[in-house]
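Here is the structure we will look at, set down as structure tokens.
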Amino acid sequence: MKNLNEWKETAVQAIKDCHNNAELNQLRVLYLGKKGPIQEIMKSMKELAKEERAELGALVNEVKQELSTLLEERRSVLEEQEIAARLKQERLDITLSGYQPQIGNLHPLMLVQQELEDVFVSLGYCVAEGPEVECDLYNFERANIPKDHPARDMQDTFFINVEELLRTHTTAVQMRQLEQYHKEGKEIIKVICPGKVYRRDDDDATHSHQFMQCEGLVVGHDIRLSDLKGTLLFLAKKMFGEERVIRFRPSYFQFTEPSVEVDVSCHICGGKGCSVCKGTGWIEILGAGMVHPNVLRMAGFDPKQCSGFAFGVGIERIAMLKYGIDDIRAFYTNDLRFLKTFKRFE
Ligand code: PHE
């Protein structure tokens, strides 16, 4: 009996200390196998008295049962540990870093265009677009520039055929809008027309045969030069800072009368004079004027009943001044180092 208890203690300890399933199997054979102590005791039981045999038999069975359960429990614990260890060892790292997708940003000219649109939409203007291949009619004739008029020489450009050309200004879109509004019986117009235009120009640091404009047109009752001035002052402050002031200088355009060039006080030196404003304190930013009666008449309006103003801004020019860019060609050469420098909101 003492013997049985002793080796049971040893067996329990050995099972607890066992750390892999192969060893555990050996322990099973060692203690519960044919040559193990259980069998030995069983064999020796023949010599015992009947009651003693029954008592010992029950005890041996109990020990056998206990050890079997213990072995089984240990087996499942070891098995789980082995699986966990294998999973850890064979773990596949699928997190190899991929290529970082490049996030683009808007072109600086588009940023300025959007900024201009926001300024004018906030004043109740609509944004209108038109074709880049334009009819002579809308590009020139309706803008009071008849065929063979010398005023064409300043812009005359890429003709597709005698009646069609790449538009030289987005005034053409204004002429289309005027006609459209008249057809629809509307008497009040407030539109801006942003877009690309084409001209005969020598390409240099400040000129390009293709550039962008944002022109504006307002027609209604009793629209005056002072309305134009107020609008352009608002624009100058929004684009170049609240402290800006503007001035009008007389100028000439076929489609406006009177016509003006508009200067804004220099946003770099505040008007004292610097290299950007060439020492004058003023920077020319746009052309404008009161819509010529002929233009209103050709679109069907009665110049005695209504009046209007128009203006045209060069988007490159605004971008160059705002961002301090000294060569217009930088906008078109697609150098990412340049293009990625500009963000409107940050
Ligand atoms: N269309 C003119 C240009 O391209 C600009 C302008 C627009 C001037 C409207 C006066 C009024 O130079």
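When a residue number appears, it is its place in the shown sequence, counting from 1. Atoms within a ligand are numbered from 1 in the order they appear, just like the ligands themselves.
Note: F158 and H209 have perpendicular aromatic rings, judged against thresholds of 30 and 60 degrees for the angle between ring planes.
Here is the list of ligand 1 atoms found below 4.0 Å of a heavy atom in F255: 1 (N), 2 (C), 6 (C), 7 (C), 8 (C), 9 (C), 10 (C), 11 (C). Listed by number with element, the atoms of ligand 1 under 4.0 angstrom from any heavy atom of A310 are 9 (C), 11 (C). Short contacts between ligand 1 and H169, defined as distances under 4.0 Å to a heavy atom of the residue, involve ligand atoms 1 (N), 4 (O). The distance from ligand 1 to the heavy atoms of G287 drops below 4.0 Å at these ligand atoms: 6 (C), 8 (C), 10 (C).
Using modelled atom types and a 3.5 Å distance limit, the side chains of D93 and T95 yield a donor-acceptor pair. T168 and N139 form a side-chain donor-acceptor contact under 3.5 Å, judged by distance and modelled atom types alone.
Contact annotation: for F311 versus ligand 1, heavy atoms closer than 4.0 Å belong to the backbone alone. Neither the backbone nor the side chain of Q174 has a heavy atom within less than 4.0 Å of ligand 1. Residue R199 touches ligand 1 through its side chain alone, judged by heavy-atom distances below 4.0 Å.
Under a cut-off of 6.0 angstrom, the local environment of NZ in K238 is sparse, with at most 12 non-hydrogen atoms contributed by other residues, nucleotides or ligands.
Heavy-atom distances between F309 and ligand 1 stay at or above 4.0 Å for every pair.
For the ring pair (Phe, Tyr, Trp, His ring centres under 6.0 Å) test with F255, the passing option among H149, H292, H169 is H169; the others fail.
Of all protein heavy atoms, the one closest to atom 1 (N) of ligand 1 is E215 OE2, 2.7 Å.
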Test log, rule side-chain hydrogen bond (donor to acceptor under 3.5 Å, both in side chains), inputs Q102 and K340 = CA-CA 11 Å; Q102 294 224 9; K340 284 191 164 179; 3.3 Å; yes
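Checked by distance only, ligand 1 and T171 come closer than 3.5 Å through their nitrogen or oxygen atoms. For a threshold of 3.5 Å applied to N or O pairs, the pair formed by Q213 and ligand 1 contains at least one separation below that value.
Under a cutoff of 6.0 Å and an axis angle of 45°, K229 and F248 form a cation-pi pair.
Taking the centre of each ring, F311 and F120 come in below the 6.0 Å mark.
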